[in-house]
Amino acid sequence: DAGVTQSPTHLIKTRGQQVTLRCSPKSGHDTVSWYQQALGQGPQFIFQYYEEEERQRGNFPDRFSGHQFPNYSSELNVNALLLGDSALYLCASSETGLGLTHEKLFFGSGTQLSVL
Amino acid sequence: RKEVEQDPGPFNVPEGATVAFNCTYSNSASQSFFWYRQDCRKEPKLLMSVYSSGNEDGRFTAQLNRASQYISLLIRDSKLSDSATYLCVGLTGRRALTFGSGTRLQVQP
């Protein structure tokens with residue numbers, strides 16, 4: 001049983017470009033959350049998707065958008081990239097109701113994005 | 001002020017030592033707390049949940065003090081393999097995890 005898979009593992013972009021990161025949740029999980037982790041910091045919550053809708057959003061600008069597909073996989077899109085967007089982007093999947101099933105929260109190994 | 005604050009360390013301790021980390025939180029509405037472990041640039045992994053009554057798992061003990069709004073993690077008999085960054089995490093009704101910046105532990109031979 002594959003866990004949470006993310007692609008690509010590494011990505012280099014230049015300022016102003018757009019990027020799409022992908023995540024496949026663990027089998028049986030229907031909720032996907034995205035986190036941004038800058039160097040030396042803890043992960044910061046970007047947003048969460050459930051039933052193909054954004055259910056919760058953190059303090060990130062509209063340049064960050066996402067999508068969830070019927071098979072529960074998800075994409076994170078970032079437009080007009082800034083140098084400060086360089087970070088490790090983590091996807092986490094869980095079953096419905098994070099508060100009750102936290103122990104079933106799984107993180108992918110992340111996508112390292114470098115913006116030059 | 002950050003919602004979850006931790007001493008970044010690093011904590012450099014010899015093998016076999018006991019080390020304790022503290023973490024404070026500002027959102028009294030936070031419902032649950034956890035300690036995650038993260039190895040260098042890898043994904044965070046759940047170490048243990050934190051309960052007011054205390055939670056022990058082998059060499060690891062976690063404690064929550066709601067009155068003072070702090071969480072602790074105690075590691076006894078440190079191993080080289082314990083070297084990592086330990087992230088203090090809170091969960092609120094927003095269904096999102098709030099991570100601290102992490103405390104780096106380096107266990108030395």
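Atoms considered below: every heavy atom in the structure, side chains included; atoms not considered: hydrogens, waters and symmetry mates. All chains are named by letter (A, B, ...) in the order of the sequence lines, taking the proteins before the strands, and each is independently numbered beginning at 1.
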>> Just so I understand: if I count every heavy-atom pair under 4.5 Å between each of B:P44, B:G100, B:G102 and chain A, which residue has the most?
In response: B:P44

> With the 4.5 Å side-chain cut-off for hydrophobic clustering, are A:L21 and A:F60 part of the same group?
Replying inline: yes

>> Does B:F21 have more than 12 heavy atoms from other residues, nucleotides or ligands lying within 6.0 Å of its CZ?
In response: yes

> Can you pull out the residues in residues 107-116 of chain A with any heavy atom less than 4.5 Å from chain B?
Replying inline: A:F107, A:G108, A:S109, A:Q112

> Can you hop from B:I75 to B:V50 via hydrophobic side chains spaced under 4.5 Å?
Replying inline: yes

> Checking A:L90 against chain B: side chain, backbone, both or neither under 4.5 Å from a heavy atom?
Replying inline: side chain

> Which bit of B:Q6 is near chain A, if near means a heavy-atom gap under 4.5 Å: side chain, backbone, both or neither?
Replying inline: neither

> So with a 6.0 Å cut-off around NZ of A:K13, is the heavy-atom count from everything else above 12?
Replying inline: yes

> Do other residues, nucleotides or ligands put more than 12 heavy atoms under 6.0 Å from the CZ atom of B:R59?
Replying inline: yes

> Passes side chain to side chain contact (heavy atoms under 4.5 Å, CB included), B:L97 versus A:Y35? Steps please.
Replying inline: CA-CA 9 Å; B:L97 297 177; A:Y35 290 81; 3.4 Å; yes

>> Are more than 12 heavy atoms, taken from residues, nucleotides or ligands other than A:N71, located less than 6.0 Å from that residue's CG atom?
In response: yes

>> Quick check for you: to the nearest 0.5 Å, what is the distance between B:S101 atom OG and A:Q44 atom CD?
In response: 7.0 Å

>> When you group the ILVMFWY residues by side-chain heavy-atom contacts below 4.5 Å and let the links chain together, are B:L91 and B:M48 in the same group?
In response: no

>> With clusters defined by side-chain heavy atoms of hydrophobic residues (ILVMFWY) lying less than 4.5 Å apart, directly or transitively, does B:L46 cluster with B:L105?
In response: no

>> Testing the basics here: between A:P43 and B:L87, what is the closest heavy-atom pair and its distance to 0.1 Å?
In response: CD-CD1, 4.2 Å

> Should we count CZ of B:R37 as having more than 12 external heavy atoms under 6.0 Å?
Replying inline: yes

>> I'd like to know whether the aromatic ring centres of A:F45 and B:F99 sit less than 6.0 Å apart in this structure.
In response: no

